[in-house]
Novice: 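Below you'll find the structure I mean.
Just so it is clear, the values below take in all heavy atoms, side chains as well, and ignore hydrogens, waters and symmetry mates.
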Amino acid sequence: MILIIDSFFTGSHKYWGSQMKNLLPFEVELLTLSGKYWKWRMEGGAIELAEKFKKLSKKPDLIIATDMVNLPLFYAYAGITKDEIPCIIYFHENQFAYPESEFDTDKKNNRDNHYGFINITSALFANYVTFNSDFNRKSFYEGATKLIKKLPDNSLVKSFNNIKSKVIYSAIDKISPRNKPQSNVPIILWNHRWEFDKNPNMFIEGLEYLQAKNIDFKLIILGKGTEEEKVKKLILSKFTKETLHCGFAKTKEEYYDLIAQATHLPVTSKHDFFGLSVAEAMNQGVFAILPNHQAYPEHLIQNESSGILYDFPIGYTKALENSLLTFRNSSTRPDFFWDSVIKDWTNFINSL
């Protein structure tokens, strides 16, 4: 039996864990905590998970833990060793590559290195290390190496350099592309969380730029947070005649029906370790306008005609304007779908 443990089981974490349980050709069980209070989950969630683990009637042959779990702490409190039950750690994200938030008090007090160090010790402890994108892997190694080199009189650099890792992408459902309505007016899509790291202010600046140049467009606004009154008020105050929809889609069916209507996806995010919403939109034929940083260039590897890259942030408005002149159907990389990803996981697990 394979046990997936996650101390922050919500959003993309929950989607990934549930799909792994449903699709892997092994017996898979989930041991999780709800997705809230992320700092406490990284600090002490491992202890709560270990208490749950002790009550299991059947012990696993392999553990797959996410990066939100303090892995050595979990094993210590669970009373097990990795020789007895080997473990894979899967990095959905890492604590070195997040953009700084003005609301994060730990940044102001210079305590932020602690969460990165939990990632480091978990990676050193695990038998195998996996990441959901090449950007995630590279940024983790770069950030971790810088932190380790700050430590006095240590031999961690040598141990860290011996870590072997593998990229297994996050994945999306293979949904057949819907038929697009015929229109000469571009329909611009936002299908991300309405939060600072996704950079909605820059997205709005691009729309205002188009208005100032009298370029016609329509607008579909989706994603968590877009149902809030303050967001709707902002969008409708600036783009009343352009807005076709603003608000969180209540069902997957409604979500895919809405994104399938769009023609262009301008992405302004400050960071993304994979970009599930980007892959979902591209699979519905939406042309992607992507920043040339983070994981976004990976969406266009061997898939160049499905989008363009722009210099973030200065190249955004011009790239947006130029992209609206043409209508091109996009697609998602074949290895971003679950059938391909499950094959990778199955082969990897079998090889162990």
Novice: Checking T332 now: which residues fulfil side-chain contact (heavy atoms from CB on, under 4.5 Å) with it, not counting sequence neighbours?
Specialist: I172, A279, M282, N283, F336, F337

Novice: For K250, which residues count as a side-chain contact (heavy atoms from CB on, under 4.5 Å) partner, sequence neighbours excluded?
Specialist: E254

Novice: For T66 and D6, which I'm curious about, is there any donor-acceptor pair between the side chains at under 3.5 Å?
Specialist: yes

Novice: Can you list, by chain and residue number, the hydrophobic cluster partners of L73 when the side-chain cut-off is 4.5 Å?
Specialist: I47, Y77

Novice: Is the count of non-hydrogen atoms from other residues, nucleotides or ligands lying under 6.0 Å from K82 atom NZ greater than 12?
Specialist: yes

Novice: Are side-chain heavy atoms of K213 and L210 found at a separation under 4.5 Å?
Specialist: no

Novice: If we count only N and O atoms by modelled type, under 3.5 Å, do the side chains of E298 and Y169 hold a donor and an acceptor together?
Specialist: yes

Novice: Is it true that E195 and K198 have a side-chain N and a carboxylate O under 4.0 angstrom from each other?
Specialist: no

Novice: Distance to the ring centre below 6.0 angstrom and angle to the axis at most 45 degrees; does that hold for K21 and F26?
Specialist: no

Novice: Test: side chain to side chain donor-acceptor pair (under 3.5 Å). Region: residues 343-352. Which pairs qualify, not counting sequence neighbours?
Specialist: none

Novice: Taking the six-membered ring of F348, is the NZ or CZ of K166 close enough (under 6.0 Å from the centre) and on axis enough (within 45°)?
Specialist: yes

Novice: Going by the rule side-chain contact (heavy atoms from CB on, under 4.5 Å), which residues pair with T263 if we only count those two or more places apart in sequence or in a different chain?
Specialist: P186, I187, F327

Novice: Does NZ or CZ of K252 lie under 6.0 Å from the centre of the six-membered ring of Y15, at an angle within 45° of the ring axis?
Specialist: yes

Novice: Could you tell me which residues satisfy salt bridge (charged side-chain N to carboxylate O under 4.0 Å, His left out) with E208, sequence neighbours excluded, listed by chain and number?
Specialist: K238

Novice: Looking at K318 and E321, is any side-chain nitrogen of the basic one under 4.0 Å from a carboxylate oxygen of the acidic one?
Specialist: yes

